[in-house]
Number of protein chains: 2
Amino acid sequence: MTWETAEPVGAKPTLRDVALAAGVHLATASRALSDAPSRPVAPRTVALVRQAAARLGYVPDQVARSLRTHRTPAIGVLIPDMSNPVMPPLVRGAEQRLAQYGYTTLFADTDNDPAAETKRLTMLLSWRVAGLILATARRDQPLAAELVNSGVPVVLMSRKLDATPVPSVTVDESVGIAQALGHVLELGHRRIAYLGVPQWTSAGHERLVAFRDNIASRGLTLPPEFVVTCAGYGEQDGAAALAGLLDRPDRPTAVLTGNDMMALGCYDAIRSAGLRCPEDVSVVGYNDMPLTDRVDPPLTTVRVPYFDVGRQAATLLVEKLAEANDIDRSVRLTPRLVVRGSTAAARAS
Amino acid sequence: MTWETAEPVGAKPTLRDVALAAGVHLATASRALSDAPSRPVAPRTVALVRQAAARLGYVPDQVARSLRTHRTPAIGVLIPDMSNPVMPPLVRGAEQRLAQYGYTTLFADTDNDPAAETKRLTMLLSWRVAGLILATARRDQPLAAELVNSGVPVVLMSRKLDATPVPSVTVDESVGIAQALGHVLELGHRRIAYLGVPQWTSAGHERLVAFRDNIASRGLTLPPEFVVTCAGYGEQDGAAALAGLLDRPDRPTAVLTGNDMMALGCYDAIRSAGLRCPEDVSVVGYNDMPLTDRVDPPLTTVRVPYFDVGRQAATLLVEKLAEANDIDRSVRLTPRLVVRGSTAAARAS
DNA sequence: TTGAAAGCGGTACCAG
DNA sequence: CTGGTACCGCTTTCAA
């Protein structure tokens, strides 16, 4: 490929130029360049045109093509915040699969701001994207549902809605929680706390609910204060929440958290209380973000296959687009507990 | 905003619909909706049209608009690998600024594969993007230079070319290295090793060169083996490189690395050699990626303002686009050493 | 198998 | 200030 045309800067060769150079009609050139096998074009003509196109460095104008065909090979991807460590693999997985199918990814980071989200969405829609992948959906957000009603194919990535069934690729949080809980129970812990992330996302909510259900179904009981919903996603939120619990005489000997950052906050709270992890308090994180194996102590956590979630989300959308029918399938992947050094057997109490 | 039109799914209202609804001519509707202040339109007409547009949920078709105006408010952003921890802030910064100026970000992750890069690039070019931000440039890569010649405005993000001066936003690596080196020298270290990342990127290269220059300009000498270029960017690469050095009787007492992952690899090598960090060997990383403050020991490293680099890259490109002239300005930001626990005073030797 | 021509949804120029 | 109209680059139907 070469962009070193001798023509004036910015003057990209058009199909007309190619046709002229090949000595054929515009329409013929179009057909010759088309991949559709049903086009009746003489092989010699095809060769001629293709050659001319290559020589001129012709790149078809997707804008013109889209206008004419009403089909735009572009997918909008909405991300709440790229600095959240679970997002990069999600985006990477989605973009890779989309590109593989010839789609361009229109990327937008909403910075967790609903107003920004609306603006970005309008922008994407103005491009007449073929579909949308949303990693921004909140449980109660009507936005995604509205989009679906408007006819734009939408797939939710790593999130779901409470009320409306929108195709999604998520993770079976109950499996992750069951494994995490099973692990600390096996280690002999009985006073177990759960520090949930904020509950606007389905993932965070499902984790907390799964914890409650698991506790109940195993016939265990816990002080109600042991299940807490934090105000934010950060280390401080986890630290603050756990600090309140460590003061109690019946303090928890193990704590499960809704994400890894909060788990690291627990490390701080434990240290501040003059205790140690895992000797005094075991900690289990969630997500298995990078470097959790390097912190001190290495974090036991639930590994979530985010790259696959992204890839599957793209796959699902591409399928919907291709089959043109309303397959409202959803996909659910399975997380897996990774045991490291932040959990240990409960002391004889 | 609402997408709940009563019309058949997929039938987005067009400007003609708006004009009809407002009882004005198509061209008038266009003018009324235009932001250009020079348009002579009666205020009442504007109100009428805007109202009709809102009622119908009209979103202008960017594709049609672009075709007509030859101006596409879209910028392609090429990333080598989103799972590299320096990339998310870069992308986030760029996208935020671009959106602020009304540009849509066309995102592509090339997976560090030149073939994929070419394909993705063609895809972006077919969209007639107004400009390109490349975080993929290698020092010798003619690709970026070709692009510039072809007339597409290009800005390099966090990278530069050896031969061709392309506008870029980078970091003054010599400052980072000088600070890191100054720090360990002050701590009394004299046998200092440098483990460089692969040298295809300007950043990695400049760091290594800066180290050599700094050593020389301070009148120090080092065994030539103390400056090594690793084969990859990973922990293993750093570990392997340092392991070879720790065997020597004159083993280094401090090591600077080209990135944080390699620094963590050094931790492993030091441990394997039966030594300790920082007591026996001090380690300085580069980038200050997330959680480096949480590893054991907390990593002393050079903090690079990647979010700003991304934002400035977008700013630079937007300026080029607006001023329409060939400002070939480049921007250079300054990194800053963050001292943590992986460096300590050299022992009396 | 190829040429001719319509038209996608806007913008911008020109006339009124 | 508003209406009429050419046209951006390409695909596609219809004739030749």
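Computed from a prediction, not measured in an experiment: that's the story for all the values here. Chain naming here is simple, since letters A, B, ... match the order of the sequence lines and numbering starts at 1 in each.
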Please give me every residue in residues 60-67 of chain A whose heavy atoms get under 4.0 Å of an atom in DNA chain C, ordered by residue number. A:Leu67
Looking at every strand, decide which applies to B:Ala27 at a 4.0 Å heavy-atom threshold: base, sugar-phosphate, or nothing. base
Check whether any side-chain N or O of B:Tyr58 sits under 4.0 Å from OP1 or OP2 of C:dG10, and answer yes or no. yes
Show your working on salt bridge (Lys or Arg N to Asp or Glu O under 4.0 Å) between B:Asp109 and B:Arg120 and close with a plain yes or no. CA-CA 8 Å; B:Asp109 185 319; B:Arg120 298 285 212 288; over 6 Å; no
Grab the NE2-C1' distance between A:His25 and C:dA5 for me, whole Å please. 8 Å
Does B:Ser158 have any side chain to side chain contact (heavy atoms under 4.5 Å, CB included) partners at least two apart in sequence or in another chain, and if so, which? B:Leu90, B:Tyr306, B:Val309
Length of the CZ-C1' vector between A:Arg16 and D:dC10, whole Å: 13 Å
May I ask you to say what A:His70 touches in the nucleic acid, namely base, sugar-phosphate or nothing, with a heavy-atom cut-off under 4.0 Å? sugar-phosphate
To the nearest 10 degrees, the angle between the two end axes of the helix from C:dT1-D:dA16 to C:dG16-D:dC1 (five pairs per end) comes to 40°
Which pairs would a plain distance check flag for residues 160-167 of chain A, meaning a side-chain donor or acceptor within less than 3.5 Å of a matching protein atom at least two apart in sequence or in another chain?
unit_1	atom_1	unit_2	atom_2	d
A:Asp162	OD1	A:Arg139	NE	3.2
A:Asp162	OD2	A:Arg139	NE	3.1
A:Asp162	OD2	A:Arg139	NH2	3.0

If you check every side-chain atom of A:Thr14, which of D:dC1, D:dG9, C:dG3 has the closest atom? D:dG9
d(CG, B:Leu33; P, C:dA12) in whole Å: 13 Å
Please write out each protein N/O paired with an N/O of nucleotides 14-16 of chain D under 3.5 Å, distance rounded to 0.1 Å.
none

From D:dC7, D:dT12, D:dT2, pick the nucleotide closest to the side chain of B:Arg68? D:dC7
Ignoring backbone atoms, test whether A:Ser30 places a side-chain nitrogen or oxygen under 4.0 Å from the OP1 or OP2 oxygen of D:dT11. yes
Check whether the side chains of A:Thr315 and A:Arg97 place a donor and an acceptor atom closer than 3.5 Å, and report yes or no. yes
Taking side chain to side chain contact (heavy atoms under 4.5 Å, CB included) as the test, write out the residues that go with B:His70, two or more places apart. none
Step by step, work out the side chain to side chain donor-acceptor pair (under 3.5 Å) result for A:Thr105 and A:Glu95. CA-CA 6 Å; A:Thr105 299; A:Glu95 194 271 348; 4.7 Å; no
Looking only at side-chain atoms of A:Arg128, point me to the closest of D:dT12, C:dG10, D:dT2. C:dG10
When you measure from the side-chain N and O atoms of A:Thr69 to the phosphate of D:dT11, is any distance below 4.0 Å, counting only OP1 and OP2? no
